[in-house]
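Here's the structure, in structure tokens; my notes come after.
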2 protein chains.
Amino acid sequence: MARKISESTIRRLSLYLRFLEEFEERGIETLSSEELAGRGSTTAAQVRKDLSLFGSFGKRGLGYSVQELSATLRRLLGLDRPWRVALVGAGRIGSALFAYDDFRRRGFRIVSVLDSDPGKIGTQWGDVRIQDEARLEQVLAEEKVDIVILAVPGDAAQHVVERVVSSGVRAVLNFAPTKLHVPGQVALRDVNMSMELEALSFALAADDGPGA
Amino acid sequence: MARKISESTIRRLSLYLRFLEEFEERGIETLSSEELAGRGSTTAAQVRKDLSLFGSFGKRGLGYSVQELSATLRRLLGLDRPWRVALVGAGRIGSALFAYDDFRRRGFRIVSVLDSDPGKIGTQWGDVRIQDEARLEQVLAEEKVDIVILAVPGDAAQHVVERVVSSGVRAVLNFAPTKLHVPGQVALRDVNMSMELEALSFALAADDGPGA
DNA sequence: TTGTGTGAATCCCTTCACAGCG
DNA sequence: CGCTGTGAAGGGATTCACACAA
């Protein structure tokens with residue numbers, strides 16, 4: 001299973017799954033690669049190539065079964081099982097993420113929240129009590145955490161991620177605006193909101209010409 | 001100025017700028033492409049290639065002037081001027097974004113916040129009063145908004161973005177977990193947090209083998 | 001006939017390697 | 001010398017085009 005699947009392919013698989021789920025709700029049973037691509041932002045050939053990396057799921061002359069394909073994608077993406085997630089950092093971003101419905105809906109259960117602020121430790125959030133970040137290693141082990149979401153300040157992030165990694169967690173989603181360094185076997189994704197804004201700013205500045 | 005610069009190049013320019021700013025603070029005056037790459041996650045050749053798309057900023061045998069290069073990058077990225085940002089959606093994500101220091105620090109000023117919830121309209125957030133989303137078009141014009149941040153529920157996002165675009169705004173940062181469609185001349189970036197988690201889930205599932 | 005699965009062609013991005021300037 | 005700037009080579013990812021299965 002250690003095929004080398006590109007980042008963009010994975011992103012597209014997620015998209016396909018979303019579209020399939022929409023179609024599923026509407027009771028549509030069969031879909032062509034053309035239709036699947038049309039909704040998204042890619043081509044029919046790309047859809048077929050992406051899927052062919054994992055097997056042959058379509059029927060020639062007919063298309064794909066919405067039910068089957070969405071089940072397959074869920075399995076491929078690991079969404080056929082619940083994941084246990086810990087949230088480190090109970091600040092504003094942390095609390096927004098904690099309440100983010102889309103995570104729950106997709107099977108990501110935030111089973112513990114940690115923070116280093118004594119004013120927050122012990123506070124109850126829903127059915128989770130905020131724990132002391134000093135106990136990070138114990139909590140990750142006790143709660144059998146699969147994925148850590150980092151929502152700590154930038155200057156603390158590298159230190160925290162090292163503790164997370166040495167606790168054996170193999171997947172980290174980083175919201176701190178810092179480039180983190182982790183060993184190769186750990187999956188790390190960055191959500192860098194400022195950098196996205198900067199890309200927009202670049203586009204605007206390029207339109208206007210320099211210094212406009 | 002309408003060169004076709006790839007998305008990845010822009011992302012790296014942002015990174016370079018961050019590193020340069022760190023070095024600037026530490027009083028370092030000159031840097032080689034090697035050093036600039038080492039901090040990040042790319043190669044010296046890549047750094048030189050990226051920069052060469054815009055001009056010749058280095059001195060052979062010496063490297064790059066930290067001061068000059070960071071000023072240049074700021075200009076290229078459009079960070080040499082303030083941008084006026086409107087935030088649509090004053091829910092949890094919206095409020096986290098409103099308080100996000102990194103935006104302010106980089107010159108993105110949130111000059112207005114809008115929501116459709118009557119319970120929120122009129123509420124004061126810092127020096128901004130939440131306005132009625134019904135008045136979106138007027139507010140965008142009055143406040144001369146350059147960039148809109150969308151933090152509304154997924155099913156409202158497409159409708160809102162169409163109103164935003166028809167008001168003449170040319171840059172949108174979307175936090176709704178929905179694929180939006182906008183005309184080609186509008187710059188759109190998505191921050192899809194669930195999809196990032198799904199990429200992690202994929203990596204874990206691939207490690208464990210299917211169904212583990 | 002329709003629409004998949006897939007080699008081949010193409011395009012784009014990254015890496016190499018080195019000429020040339022300070 | 002040291003390090004940039006850049007053509008050329010290499011490698012991935014996307015697109016094309018078509019044989020083939022339903």
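All chains are named by letter (A, B, ...) in the order of the sequence lines, taking the proteins before the strands, and each is independently numbered beginning at 1.
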Both Lys49(A) and Lys59(A) contact DNA chain C. Which one's nearest nucleotide lies toward the 5' end?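 This one resolves to Lys59(A).
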
Measure from [atom1] on [X] to [atom2] on [N] and round the result to the nearest Å.
X: Leu36(B); N: dC3(D); atom1: CG; atom2: C1'; value: 13 Å
X: Asp50(B); N: dT15(C); atom1: CG; atom2: P; value: 10 Å
X: Glu7(A); N: dA13(D); atom1: CD; atom2: P; value: 10 Å
X: Ile10(A); N: dA13(D); atom1: CD1; atom2: C1'; value: 14 Å
X: Lys4(A); N: dA13(D); atom1: NZ; atom2: P; value: 8 Å
X: Phe54(B); N: dT4(D); atom1: CZ; atom2: P; value: 18 Å
X: Arg11(A); N: dA13(D); atom1: CZ; atom2: P; value: 13 Å
X: Leu53(A); N: dT4(C); atom1: CG; atom2: C1'; value: 15 Å

For Glu198(B) and Ser14(A), does a side-chain donor sit closer than 3.5 Å to a side-chain acceptor?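 On atom types as modelled, these side chains qualify, holding a pair under 3.5 Å.
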
For Glu35(A) and Ser32(A), which I'm curious about, is there any donor-acceptor pair between the side chains at under 3.5 Å?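 Yes, a side-chain donor-acceptor pair sits under 3.5 Å.
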
Short side-chain N/O contact from [X] to OP1 or OP2 of [N], under 4.0 Å:
X: Ser32(A); N: dG3(C); result: no
X: Arg12(A); N: dA13(D); result: no
X: Tyr64(B); N: dG5(D); result: yes
X: Thr43(A); N: dT14(D); result: no
X: Gln46(B); N: dC13(C); result: no
X: Ser8(A); N: dT14(D); result: yes

Please confirm whether the backbone N or O of Val66(A) pairs with a side-chain atom of Ser70(A), one donor and one acceptor, at under 3.5 Å?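 Pair found, side chain donor or acceptor close to backbone of Val66(A).
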
Check ion pair Glu7(B)-Arg11(B) (N to O, under 4.0 angstrom):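 Judged by the 4.0 Å cut-off on N to carboxylate O distance, Glu7(B) and Arg11(B) do form a salt bridge.
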
Please determine if Glu21(A) and Arg106(A) form a salt bridge, counting it only when a charged side-chain N lies under 4.0 Å from a carboxylate O.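 Result for this pair is yes, salt bridge flagged.
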
When all nucleic acid strands are considered with a 4.0 Å heavy-atom cut-off, which category describes [X]: base, sugar-phosphate, or nothing?
X: Thr42(B); result: nothing
X: Ser33(A); result: sugar-phosphate
X: Thr9(A); result: nothing

Among dA21(D), dC13(C), dG20(C), which nucleotide has an atom closest to any side-chain atom of Arg60(B)?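 Closest of the options to the side chain of Arg60(B): dG20(C).
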
Step by step, would you call Thr42(A) with Asp50(A) a side chain to side chain contact (heavy atoms under 4.5 Å, CB included)? CA-CA 11 Å; Thr42(A) 183; Asp50(A) 286 339; 5.7 Å; no

Can a donor-acceptor pair under 3.5 Å be found between the side-chain atoms of Arg48(B) and the base atoms of dG5(D)?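 Flag set: donor-acceptor pair detected.
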
Nearest nucleotide by nearest heavy atom, which residue falls closer to the 5' end of DNA chain D, Leu31(B) or Ala45(A)? Leu31(B)

